Protein chains: 2
Amino acid sequence: MAGFVSHFTNRLDAKGRVSIPASFRAVLARDGFEGLYCISSSHCQAVDAGGNELLAEIEKRSEAFAKLSPDHDALAVALFGASENPKIDGDGRMTISDMIRDHTGITDQVTFVGMKYKFQIWEPEKFREYRAEAQKRALAMLSGQPPASSQGESA
Amino acid sequence: MAGFVSHFTNRLDAKGRVSIPASFRAVLARDGFEGLYCISSSHCQAVDAGGNELLAEIEKRSEAFAKLSPDHDALAVALFGASENPKIDGDGRMTISDMIRDHTGITDQVTFVGMKYKFQIWEPEKFREYRAEAQKRALAMLSGQPPASSQGESA
DNA sequence: TGGGTTCTTATGGGATATCATGGGAAATCA
DNA sequence: TGATTTCCCATGATATCCCATAAGAACCCA
């Protein structure tokens, strides 16, 4: 396996659970992280999820500042205060917390999007919009256009 | 588990007790600290709490000064004088002391904020304000000075 | 190649455990 | 002795565990 790839959409059940795609579970198992590490994205209505590799990436960001300093505290609140460690049950499911619901707008379906070292959790329709937008941007970038400076969440 | 992560708001009961979030208790248990180490933050209206990992961080600070020196003494008084060691009862609750009440403005609800190696105790409304501020600051810190090998999130 | 068989996966639901919270009673303190 | 504080148990809500099932994918063997 080469990290989290492809994307899948699964249904939420009455108890607020979703199956994590089997191929993602395989990656997580190999990574060895207990459960799942989730952090809401600061620039889109999605939640980043993953294991040790993602966590290491996050930790790296706060290491530049001395602990107990105001800067470190602010960063820690923004990063870890907005994180969660959902468990994965015996059937490979996780529960979508209120925090994830609020940040993503998820109601009854969840789209899992592989991004190599992490994956994202999206509300399916919002993901479709984001994806279309991302493709346009990619096209513009490839054709040498100056990238649109606005990346407002127009959702 | 990956340290103190996420945030929770619990109610204070008539006796001044709050439940410490179960996941935080699990981290404390693993850390092995007896009870809880609390110290009021010097730069915000919150109280830092944790176990040995936090204590070690604080001790590291005072070690920068030679023992018996006036500086060391002053720091020790400031640090440990503002500290407390609340017990955690059999049901995982702590009592909010007057010191914590005064410093945080807590009345009937308490927000616990995970910050990896420690967590903070906040009055919920004050936390909301601080959090908005912290997010702005974090964004500025992370985008302002890209730490070494930055890798942009490109879809 | 085709058709049946076995595995895997997503999903549903009942039973059980955990957690936050409330309150009584015993213990402690001043 | 009166006022707290600490210990213990009760309870409702939620989360977790465990098993069932159906659809699909992979597999096997002629």
Side-chain angles (χ1 to χ4, degrees), chain A residues 1 4-30 33-38 47 49 83-102 106-114 119 121-124 127, chain B residues 1-2 4-30 34-36 38 49 84-102 106-114 119-124 127:
Chain A
M1 293 278 177
F4 306 102
V5 288
S6 184
H7 66 273
F8 310 86
T9 299
N10 291 338
R11 231 185 315 280
L12 260 163
D13 71 12
K15 297 180 183 174
R17 302 173 297 184
V18 243
S19 289
I20 296 168
S23 67
F24 287 11
R25 270 155 28 207
V27 177
L28 287 168
R30 219 167 39 107
F33 190 78
E34 178 78 12
L36 189 63
Y37 186 83
C38 289
V47 169
S83 299
E84 284 178 354
N85 282 142
K87 296 193 216 319
I88 299 177
D89 74 16
D91 302 318
R93 287 179 285 197
M94 66 178 287
T95 17
I96 297 299
S97 66
D98 288 346
M99 180 245 133
I100 297 181
R101 271 191 159 79
D102 293 347
I106 285 169
T107 56
D108 63 332
Q109 290 202 308
V110 182
T111 296
F112 297 87
V113 183
F119 63 90
I121 296 174
W122 282 87
E123 190 283 320
F127 173 64
Chain B
M1 289 284 179
F4 304 104
V5 143
S6 187
H7 66 274
F8 309 87
T9 299
N10 290 338
R11 232 184 314 282
L12 261 164
D13 70 12
K15 298 178 185 176
R17 302 172 298 182
V18 243
S19 289
I20 297 169
S23 68
F24 287 10
R25 271 155 28 207
V27 177
L28 287 168
R30 218 169 36 110
E34 179 77 12
L36 189 63
C38 288
E84 285 180 353
N85 282 103
K87 296 191 222 312
I88 299 177
D89 73 17
D91 300 318
R93 287 180 283 199
M94 68 179 286
T95 311
I96 297 298
S97 66
D98 288 345
M99 178 250 133
I100 297 181
R101 248 179 242 272
D102 293 346
I106 285 170
T107 56
D108 62 332
Q109 290 202 307
V110 182
T111 296
F112 297 87
V113 185
F119 63 90
Q120 286 190 325
I121 296 173
W122 283 88
E123 189 283 319
F127 170 65

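This one's a predicted model, so the numbers in the text were calculated from it and none came from an experiment. Chain letters run A, B, ... following the sequence lines, proteins first, then strands; residues in each count from 1.
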Check your understanding: Between the side-chain atoms of D91(B) and the base atoms of dC8(D), is any donor-acceptor pair under 3.5 Å?
Key -> yes
**Study point:** Check: R11(B) side chain, dG22(C) base, donor-acceptor under 3.5 Å
**Key:** no
Check your understanding: Considering residues at least two apart in sequence or located in another chain, which fulfil the ring-ring contact (aromatic ring centres under 6.0 Å, His included) criterion with F24(B)?
Key -> F4(B), F8(B), F119(B)
With sequence neighbours excluded, what pairs up with [X] under the side chain to side chain donor-acceptor pair (under 3.5 Å) test?
X	answer
S19(B)	none
S6(A)	none
D91(A)	R93(A)
T95(A)	none

Practice item. Remember a base hit wins even if backbone is also touched, and classify I88(B) as base, sugar-phosphate or nothing at under 4.0 Å, heavy atoms. Key: nothing
Review point. Across the strands shown, which category fits D89(B) at heavy-atom distances under 4.0 angstrom: base, sugar-phosphate, nothing?
Key: nothing
Listed by chain and number, what are the side chain to side chain contact (heavy atoms under 4.5 Å, CB included) partners of [X], not counting sequence neighbours?
X	result
E34(B)	none
T107(B)	none
I88(B)	I20(B), L28(B), L36(B)

**Study point:** Axis-to-axis angle between the two ends of the helix from dT1(C)-dA30(D) to dA30(C)-dT1(D) (five base pairs per end, rounded to 10 degrees)
**Key:** 40°
Point to revise | Nearest-nucleotide 5' precedence on DNA chain C, F8(A) against V18(B) | key: F8(A)
Using whole Å, report how far [atom1] of [X] lies from [atom2] of [N].
X	N	atom1	atom2	value
K87(B)	dC7(D)	NZ	C1'	13 Å
R101(A)	dT14(D)	CZ	P	12 Å
M94(A)	dA15(D)	CE	P	13 Å
I96(A)	dT14(D)	CD1	C1'	16 Å

Point to revise | N/O (side chain, T95(B)) to phosphate O (OP1/OP2, dT5(D)) under 4.0 Å | key: no
Check your understanding: For dG23(C), does either OP1 or OP2 sit under 4.0 Å from a side-chain N or O belonging to R93(B)?
Key -> no
Listed pairs, N/O of protein and of nucleotides 24-28 of chain C, under 3.5 Å:
residue	atom	partner	partner atom	Å
dG24(C)	O6	K15(B)	NZ	2.1

Review point. Which pairs pass salt bridge (Lys or Arg N to Asp or Glu O under 4.0 Å) with one or both residues in residues 15-29 of chain A, sequence neighbours excluded?
Key: D13(A)-R17(A)
Which protein N or O atoms sit under 3.5 Å from an N or O of nucleotides 21-26 of chain D?
none

Point to revise | Distance in Å, I121(A) CD1 paired with I106(A) CD1, rounded so as to fall on 0.5 Å steps | key: 6.5 Å
Review point. Nearest heavy-atom pair of G16(B) and R101(B): which atoms, and what distance?
Key: CA-NH2, 4.0 Å
